[in-house]
Amino acid sequence: MKHAWKCLLICAAVVLPWDARANLLTNPGFETGDYTGWSQWQPLNTTINNWGQTGSFSAAGWWQTSSWQDVSIANPTLSYIVGGWMFDDVVGGESLTGGAFASIRVEFKNASDTIIGTWTTGNLTGANLTDNSWNNLTGLVTPSSFGAGITKATLAWEVNNTGAGSGRGIFDNLIVEAAPIPEASSWAMLSVGLLGLAGLNYRKKLKKIE
Ligand SMILES: [Ca+2]
Ligand SMILES: [Ca+2]
């Protein structure tokens, strides 16, 4: 039985593509302690917090700033998890108010950098976010549903305002990742493994009865 489990685990590790999928973004949780991997507009309006949704750091921006990163989309017909997490720091007096807002968006582009379609959280204020907690702003999107020819995506987070806004947009664990959908053949192989295990169990029981 021990060997059967070992066999199944090895089998699952080899055939299931779960291990292969990964967040396409570099430094998505700012765990380098800086903006490595990110391009920035108005970088003087950003800082790095020494706390985060996970890990030790998160990104913060105020007034007018944005930060973005390009990734390749290998297969636009797959489902992708996109977006990230935002904190509404009411207790720290940093909630977005007075016309300040923040957003996360993913622009899906063709090889000529033409935007084919955009996924976005929309413009969010403190009123849109749960106080003093990390808000999950991830979504599932199939890039090809926007149109043909998508080869890359740009994830951007932005903080802006319509006047005398205050507060900060606080971001962590941004993500562009192909969703874990094991291929049919993988499921078939795993099923064979499970059936094999069930068979071994059955034979063991028979032996006990004998
Ligand atoms: Ca982090
Ligand atoms: Ca709120």
Side-chain angles (χ1 to χ4, degrees), residues 12-32 34-43 45-46 53-54 58-59 61 64-86 96 101-125 128-129 134-162 169-190:
V14 169
V15 302
L16 292 178
W18 288 331
D19 287 353
R21 83 195 162 85
N23 195 344
L24 299 173
L25 295 169
T26 299
N27 196 22
F30 308 96
E31 292 306 304
T32 58
D34 59 21
Y35 285 98
T36 298
W38 294 92
S39 299
Q40 288 185 276
W41 173 64
Q42 309 265 52
N45 290 352
T46 61
Q53 196 240 337
T54 62
S58 58
Q64 287 182 318
T65 186
S66 75
S67 193
W68 67 94
Q69 201 173 128
D70 296 329
V71 297
S72 293
I73 297 296
N75 184 352
T77 66
L78 289 180
S79 289
Y80 281 76
I81 303 164
V82 297
W85 295 72
M86 271 185 69
L96 293 162
F101 58 86
S103 64
I104 303 171
R105 67 176 182 276
V106 181
E107 297 166 349
F108 294 99
K109 299 170 176 174
N110 66 16
S112 319
D113 277 335
T114 302
I115 298 172
I116 307 296
T118 301
W119 175 93
T120 179
T121 60
N123 294 333
L124 305 174
T125 67
N128 302 122
L129 301 164
W134 285 99
N135 291 250
N136 182 352
L137 300 172
T138 57
L140 204 59
V141 62
T142 306
S144 63
S145 67
F146 291 117
I150 290 166
T151 60
K152 51 183 143 175
T154 302
L155 181 137
W157 57 261
E158 182 173 301
V159 182
N160 223 318
N161 73 91
T162 56
I170 299 168
F171 306 84
D172 202 6
N173 290 329
L174 297 147
I175 187 168
V176 179
E177 175 176 312
I181 304 165
E183 290 161 16
S185 63
S186 305
W187 282 118
M189 287 182 79
L190 187 61

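In this structure, the side chains of Glu158 and Trp68 stay at 4.5 Å or more apart for every pair of heavy atoms. For the pair Asn27 and Asp34, the minimum side-chain heavy-atom distance is below 4.5 Å. A 4.5 Å side-chain heavy-atom check between Thr121 and Asn128 finds every atom pair outside the cut-off.
Side-chain atoms of Asn123 never come within 3.5 Å of backbone atoms of Phe101 as a donor-acceptor pair (strictly under, hydrogens ignored). Panel note: side chain Asn173, backbone Asn136; no donor-acceptor pair is recorded below 3.5 Å. Remark: the backbone N or O of Met86 is paired with a side-chain donor or acceptor of Asn135 at under 3.5 angstrom. With hydrogens and angles disregarded, no donor-acceptor distance shorter than 3.5 Å links the side chain of Ser66 to the backbone of Val159.
Aromatic pair Trp119/Phe146: centroids not less than 6.0 angstrom apart.
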- [ ] Using the side chain to side chain contact (heavy atoms under 4.5 Å, CB included) rule, take Tyr80 and Val106 through it: C-alpha gap first, then chi angles, then the decisive distance, then the call.
- [x] CA-CA 11 Å; Tyr80 281 76; Val106 181; over 6 Å; no
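Residue Gln42 holds its CD atom at 12.5 Å from OG of Ser67, rounded to the nearest 0.5 Å. Here the CH2-CZ distance, from Trp38 to Phe30, works out to 5.0 Å after rounding to the nearest 0.5 Å. Between atom NZ of residue Lys109 and atom CD1 of residue Ile150 there is a gap of 11.5 Å, rounded to the nearest 0.5 Å. Once rounded to the nearest 0.5 Å, the distance linking OG1 of Thr118 with CZ of Arg105 reads 7.5 Å. Asn75 CG to Thr142 OG1: the interatomic distance, rounded to the nearest 0.5 Å, is 10.0 Å. Asn161 contributes atom CG, which lies 12.5 Å from atom OG1 of Thr125 (distance to the nearest 0.5 angstrom).
Listed by chain and residue number, Asn23, Leu25 satisfy the side chain to side chain contact (heavy atoms under 4.5 Å, CB included) test with Pro28 (two or more places apart in sequence, or in another chain).
The aromatic rings of Tyr35 and Trp157 sit tilted relative to each other, their planes meeting at an angle between 30° and 60°.
For the residue pair Leu24 and Val71, the shortest heavy atom distance occurs at O-CG1, 3.5 Å. The minimum heavy-atom distance linking Ala179 with Leu140 is given by the pair CB-CD1, 4.0 Å. When every heavy atom of Ser103 is checked against every heavy atom of Gly122, the shortest pair comes out as CB-O, 3.3 Å. Residues Asn45 and Gln64 approach most closely at ND2-O, 2.8 Å, considering heavy atoms. Nearest heavy atoms, Ala111 versus Lys152: O-NZ, 4.0 Å. Nearest heavy-atom pair across Ala178 and Leu78 is CB-CD1, 4.0 Å.
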